[in-house]
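All figures in this text were calculated on a predicted structure; none of them were measured in a lab. Count residues from 1 along the sequence.
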Amino acid sequence: MYSGLATPSVSEGSNIDGLICDFEACPSGKEHADEYERLCEKAIKELFEGELGVFNRQHPVADGFHRLDLIASLKPSTDFWINLQSDFRTRYVVFEFKNYAQEIGQDQIYSTEKYLFTNALRSVAFVIAKNGEDKGARLARQGSLREMGKLIMTLSGKDIVEMLTMKKQADDYNSILATKLDHMLTTLAR
């Protein structure tokens with residue numbers, strides 16, 4: 001199936017292999033949070049650099065008490081990112097990285113939700129949680145979308161590895177994001 005994505009070169013494929021190995025080898029836990037954050041940032045840039053513009057790491061929010069792990073402006077070129085920008089009126093995407101040994105809970109979603117501000121065209125966040133999310137986090141994400149129009153999507157470490165693998169194989173790795181978003185929107189209750 002042709003996805004419109006360029007076929008990666010041999011050196012790009014080995015860079016992706018190295019990133020996958022590093023990502024999978026990174027231990028969970030607070031003491032490895034900086035390493036995990038660095039690897040997540042590399043993965044985001046590898047996967048979405050063509051969709052995102054300027055990246056700002058550890059970007060302070062106006063109150064000075066909060067810092068975004070990573071924020072990027074949108075310059076979408078594929079359907080998923082074009083639709084994301086249009087459907088959610090966003091110009092920026094926030095990325096948060098959680099290297100927890102267990103699934104993240106609703107508290108991590110609520111803290112990420114504080115970084116989103118629809119009037120500032122910053123209404124979308126991706127939380128990359130090494131071990132995924134629990135039911136409370138999923139319900140909190142649904143509530144955030146339903147009540148405030150803020151979209152928070154979670155990606156596990158396995159999702160990131162799968163997307164990197166798909167990129168290496170020149171498959172449409174954005175399909176993982178599209179499937180997750182479709183599932184969220186079609187199962188959202190009143």
Side-chain angles (χ1 to χ4, degrees), residues 23-24 26-30 32-33 36-37 39-41 43-44 47-48 51-52 58-59 61-63 65-72 74 76 79-164 166 173-190:
F23 202 81
E24 291 179 323
C26 182
S28 298
K30 199 174 215 174
H32 300 284
Y36 186 72
E37 187 173 308
L39 290 169
C40 285
E41 184 178 347
I44 294 303
L47 292 166
F48 309 125
E51 306 295 337
L52 303 172
Q58 292 295 315
H59 187 70
V61 179
D63 63 13
F65 293 108
H66 301 287
R67 291 192 179 276
L68 309 174
D69 287 345
L70 185 67
I71 186 170
L74 274 169
D79 288 345
F80 174 81
W81 294 95
I82 291 168
N83 292 336
L84 191 74
Q85 182 178 45
S86 171
D87 295 347
F88 295 96
R89 279 191 61 240
T90 195
R91 192 174 291 173
Y92 304 96
V93 177
V94 172
F95 295 92
E96 285 294 304
F97 311 123
K98 308 293 183 189
N99 190 32
Y100 295 13
Q102 67 283 350
E103 297 172 324
I104 62 167
Q106 64 187 16
D107 291 346
Q108 288 74 43
I109 299 303
Y110 294 144
S111 67
T112 298
E113 182 182 70
K114 292 177 188 175
Y115 302 148
L116 301 180
F117 186 39
T118 54
N119 289 340
L121 301 177
R122 189 177 70 226
S123 63
V124 175
F126 288 88
V127 178
I128 301 175
K130 184 172 185 106
N131 290 300
E133 67 180 352
D134 66 16
K135 183 179 179 181
R138 183 175 43 81
L139 293 173
R141 288 188 308 104
Q142 290 173 341
S144 178
L145 180 58
R146 181 178 47 251
E147 296 162 19
M148 289 171 270
K150 297 175 180 180
L151 175 66
I152 302 172
M153 295 180 63
T154 55
L155 295 169
S156 68
K158 288 180 183 177
D159 291 330
I160 295 296
V161 167
E162 183 178 358
M163 292 173 77
L164 288 166
M166 289 174 76
Y173 50 88
N174 283 314
S175 64
I176 290 176
L177 301 177
T179 299
K180 284 180 172 284
L181 180 57
D182 286 346
H183 179 73
M184 185 174 183
L185 294 176
T186 60
T187 60
L188 191 65
R190 278 183 70 179

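Between Leu39 and Phe23 there is a side-chain heavy-atom pair separated by less than 4.5 Å. Within the 4.5 Å cutoff, the side chain of Leu151 has heavy atoms near those of the Leu181 side chain. Within the 4.5 Å cutoff, the side chain of Phe88 has no heavy atoms near those of the Leu116 side chain. In this structure, the side chains of Thr154 and Ile109 come closer than 4.5 Å at one or more pairs of heavy atoms. Looking only at side-chain heavy atoms (C-beta outward), Leu177 and Phe126 come within less than 4.5 Å of each other. In this structure, the side chains of Glu133 and Val127 stay at 4.5 Å or more apart for every pair of heavy atoms. You'll find the side chain of Leu74 stays beyond 4.5 Å of the side chain of Val124, heavy atoms only. Within the 4.5 Å cutoff, the side chain of Asn131 has heavy atoms near those of the Ser28 side chain.
A 6.0 Å sphere centred on CZ of Arg91 holds no more than 12 heavy atoms belonging to other residues, nucleotides or ligands.
For the atom pair CZ (Phe95) and CD (Glu41), the distance works out to 10.5 Å, reported to the nearest 0.5 Å. Rounding to the nearest 0.5 Å gives a distance of 7.0 Å between CD1 of Ile104 and OG1 of Thr112. Note that CG of Leu188 and NE2 of His183 are 10.5 Å apart. Values are rounded to the nearest 0.5 Å. Rounding to the nearest 0.5 Å places NZ of Lys158 at 10.0 Å from CD of Glu24. Between atom CD1 of residue Ile44 and atom CG of residue Leu70 there is a gap of 7.0 Å, rounded to the nearest 0.5 Å. Note that the CD atom of Glu113 and the CD atom of Glu96 stand 13.0 Å from one another [nearest 0.5 Å].
Here the side chain of Thr179 pairs a donor or acceptor atom with the backbone of Ser175 at under 3.5 angstrom. Arg141 places a side-chain N or O within 3.5 Å of a backbone atom of Ile152 that can act as its donor or acceptor partner. Listed for the Asn99 side chain is no donor-acceptor partner under 3.5 Å among the backbone atoms of Glu37. The backbone N or O of Lys130 sits less than 3.5 Å from a side-chain atom of Tyr36, completing a donor-acceptor pair. Under a 3.5 Å cut-off, the side chain of Gln85 and the backbone N or O of Ile82 do not form any donor-acceptor pair. With hydrogens and angles ignored, the 3.5 Å screen pairs no side-chain donor or acceptor of Asn174 with any backbone N or O of Phe80. Checking side-chain atoms of Tyr173 against main-chain N and O of Leu47 turns up a donor-acceptor pair under 3.5 Å. Using a distance-only test at 3.5 Å, with no hydrogens or angles considered, a donor-acceptor pair links the side chain of Thr186 to the main chain of Asp182.
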From CA spacing to verdict: side chain to side chain contact (heavy atoms under 4.5 Å, CB included), Asn83, Ser86: CA-CA 5 Å; Asn83 292 336; Ser86 171; 5.6 Å; no
From CA spacing to verdict: side chain to side chain contact (heavy atoms under 4.5 Å, CB included), Thr118, Lys150: CA-CA 7 Å; Thr118 54; Lys150 297 175 180 180; 4.2 Å; yes
Working for side chain to side chain contact (heavy atoms under 4.5 Å, CB included), residues Val93 and Glu51: CA-CA 11 Å; Val93 177; Glu51 306 295 337; over 6 Å; no
From CA spacing to verdict: side chain to side chain contact (heavy atoms under 4.5 Å, CB included), Gln102, Asp134: CA-CA 9 Å; Gln102 67 283 350; Asp134 66 16; over 6 Å; no
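Taking both residues in full, the closest heavy atoms of Arg89 and Ser123 are given as O-OG, 3.8 Å, listed atom of the first, atom of the second, then distance.
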